[in-house]
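These notes concern the structure reproduced below.
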Amino acid sequence: MQVQGVQKLRQALHLCDLSSLSISSVAPVFSVAAAGPVMARAAGVDVPIAILMIAVPFVLCSWIFFSLNRHFPNAGGSYHWSRRIFGRQYSYFQAWIVLMAYFWSIPPILLPAARFTLSAFGQAATPVTTLIFSGFWAIFAAWVLLKGARLTARVTQMFLLIELLSVGFMVVIGYNHWGMAVAGAGSFSFGQIHWAGVVVCMVVAATIVDGWEIDTYAAEESHNPRRTPGWGGMVGACSVVVYYLLIWPLLLHQVPLAGLQQSSDSLALWAEDVAPGFLPWMKVAVVASTAGSLWLTTFILSRSLFAMGRDRMMPVFFASLNRAQAPIVAIVAPIALSMLVLCMRLFFPGTRSFFDLALGAAGFFLVAEFLLDGVNMLYFLTLGHYRILHPHKHLSRHRHLGLLFSAILVVLSLSGVEILFLVFGPGYIAPGIDKTVIVFMGLGLVYMFFLRWRHHHHGIFLLT
């Protein structure tokens with residue numbers, strides 16, 4: 001393993017690779033299958049409203065990411081931007097937000113990966129079989145990532161093809177059988193929107209409209225780091241809106257709402273009701289989508305850990321690379337810790353409620369990451385940093401005013417979502433979700449002050 005000097009990742013990805021990573025990381029089939037019941041319980045027939053409302057700031061964020069990538073391409077993504085724009089001390093807290101957002105997103109993918117695979121084989125899920133199949137997908141994800149970014153992109157493209165075909169078949173079959181709404185389907189009305197449920201659904205939806213930002217964390221592995229990253233993210237962010245606005249009307253029109261709210265796989269339920277012959281293919285597509293989401297979420301976290309290790313903000317061994325120029329420790333450690341979390345949840349019932357709350361908080365931290373990126377852009381454009389980098393360019397140009405207004409809208413809208421989530425989340429997701437978020441935020445402050453103390457007293461961040 002390489003551990004000495006400044007570590008650099010291999011530039012192996014083209015625009016096509018970054019776009020496929022961004023689209024696959026969104027994982028629309030897995031997202032709807034796994035998160036669909038939770039979203040239906042929160043917002044009912046108002047789910048499309050929640051998706052549209054959270055999609056607007058996220059699509060604007062993709063433009064912000066595109067711009068910041070041009071100035072600061074780095075595997076650390078959001079963490080690195082805050083470090084360059086605000087300084088080292090502010091970046092400590094954003095690093096914590098990034099770690100919480102992506103680490104707590106991995107176990108909720110491992111668990112359904114096992115259950116969806118068992119369902120595809122027609123087997124019942126038990127704690128032992130769930131652990132075995134979760135371990136299989138964890139090992140497979142680690143293998144793909146350890147082989148380097150180029151092979152990761154190729155394997156992702158194969159799995160993405162299955163997913164895209166399944167979405168296409170679902171749309172063709174579903175809209176050809178539109179007809180009358182089934183008995184028990186919800187009835188939408190603009191005058192009866194349940195806004196509290198919509199707000200909670202927006203935070204849940206944040207976990208299914210993110211992922212496109214992976215090309216930001218792959219910036220150093222792009223052949224053209226200052227031009228290519230960002231384009232794939234915008235493609236992924238816009239694609240996800242199209243996917244969900246095609247899929248959700250079918251679910252709400254052709255599946256009884258009560259069944260949708262109680263199911264463990266909303267797409268399998270739809271296929272069983274509308275196109276039974278399509279059910280086996282849909283199960284395979286859900287497994288493929290889930291698997292891709294697993295290693296791509298780990299990809300984002302591994303690159304963040306790699307950058308933090310390289311900057312000596314995390315132990316230096318996180319910056320070690322194998323022969324394929326993949327950050328070996330930064331890949332293996334999150335997957336191993338996620339399997340440990342899963343083991344504790346499966347075999348120690350007393351820990352289940354805590355881990356469910358922690359996993360449920362992932363959406364809050366994902367929204368927080370994009371909120372802070374909006375703050376980064378706002379500060380970058382208004383307080384002189386942009387003028388320092390580009391003394392002969394002026395903010396008055398249209399594209400810069402557009403970015404400024406986008407950043408303001410992102411900051412205001414996502415701040416409102418986060419506050420309202422703390423108010424309504426306990427009633428719609430689980431009692432104590434607000435306290436869990438506050439505790440993790442407090443731990444982030446402890447983490448930030450520890451790194452400040454470490455730097456001031458020892459001149460380093462963590463022992464190397």
Side-chain angles (χ1 to χ4, degrees), residues 27-51 107-127 129-130 166 170 174 177 180-189 192-194 196-205 207-208 244 247-276 278-280 282-283 285-287 289-290 345-346 349 352-353 355-357 359-360 362-363 424-433:
V29 171
F30 159 66
S31 299
V32 175
V38 179
M39 295 171 66
R41 287 195 293 271
V45 295
D46 301 327
V47 168
I49 298 293
I51 291 174
I109 303 174
L110 273 172
L111 188 60
R115 291 178 175 171
F116 290 149
T117 306
L118 287 164
S119 176
F121 285 115
Q123 301 295 316
T126 66
T129 56
T130 299
S166 69
M170 180 179 179
H177 293 79
M180 295 290 294
V182 300
S187 178
F188 173 77
S189 171
Q192 297 180 347
I193 297 176
H194 299 88
V198 168
V199 168
V200 174
C201 187
M202 287 172 67
V203 178
V204 177
T207 65
I208 72 169
Y244 296 142
I247 292 173
W248 269 101
L250 294 175
L251 294 177
L252 294 170
H253 186 78
Q254 298 176 330
V255 177
L257 184 59
L260 185 62
Q261 292 171 334
Q262 299 303 319
S263 76
S264 58
D265 182 347
S266 54
L267 290 181
L269 180 64
W270 174 87
E272 190 175 6
D273 288 352
V274 178
F278 186 54
L279 181 59
M282 181 59 77
K283 288 186 174 182
V286 170
V287 172
S289 179
T290 308
R345 188 188 180 280
L346 288 172
R352 187 169 300 169
S353 58
F355 284 121
D356 285 347
L357 288 172
L359 303 180
F424 297 117
Y428 282 82
I429 295 181
I433 190 70

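In what follows, residues are counted from 1 in the order of the sequence shown. Below, each value reflects all heavy atoms present in this structure, side chains not excepted, and no hydrogens, waters or symmetry copies.
- Shortest non-hydrogen contact noted between I433 and G425 is CG2-C, 3.5 Å.
- Side-chain contact between T129 and Q123 is absent, with no heavy-atom pair separated by less than 4.5 Å.
- The shortest side-chain heavy-atom distance between C201 and D46 does not fall under the 4.5 Å cut-off.
- Using a 4.5 Å heavy-atom cutoff, the side chains of I208 and P28 are not in contact.
- Within the 3.5 Å criterion, the main-chain N or O of V182 finds no donor-acceptor partner in the side chain of Q254.
- For F30 against S289, the heavy-atom pair with the smallest separation is N-OG, 2.9 Å.
- Between D265 and K283 no salt bridge is recorded (no basic side-chain N to carboxylate O distance below 4.0 Å).
- Put simply, the side chain of D356 reaches to within 4.5 Å of the side chain of R345, judged on heavy atoms.
- Summarising the geometry of P37 relative to S263, their closest heavy-atom pair is CG-O, 3.0 Å, with the distance given to 0.1 Å.
- Side-chain atoms of I51 and M39, non-hydrogen and from C-beta on, do get closer than 4.5 Å to each other.
- Between A27 and Y244, the closest heavy-atom pair is O-OH, 4.3 Å.
- A430 and L357 get closest at one heavy-atom pair: CB-CD2, 3.8 Å.
- Residues I247 and W270 have side chains not in contact (no heavy-atom distance under 4.5 Å, counting atoms from C-beta outward).
- At least one side-chain heavy atom of L269 sits less than 4.5 Å from a side-chain heavy atom of D273.
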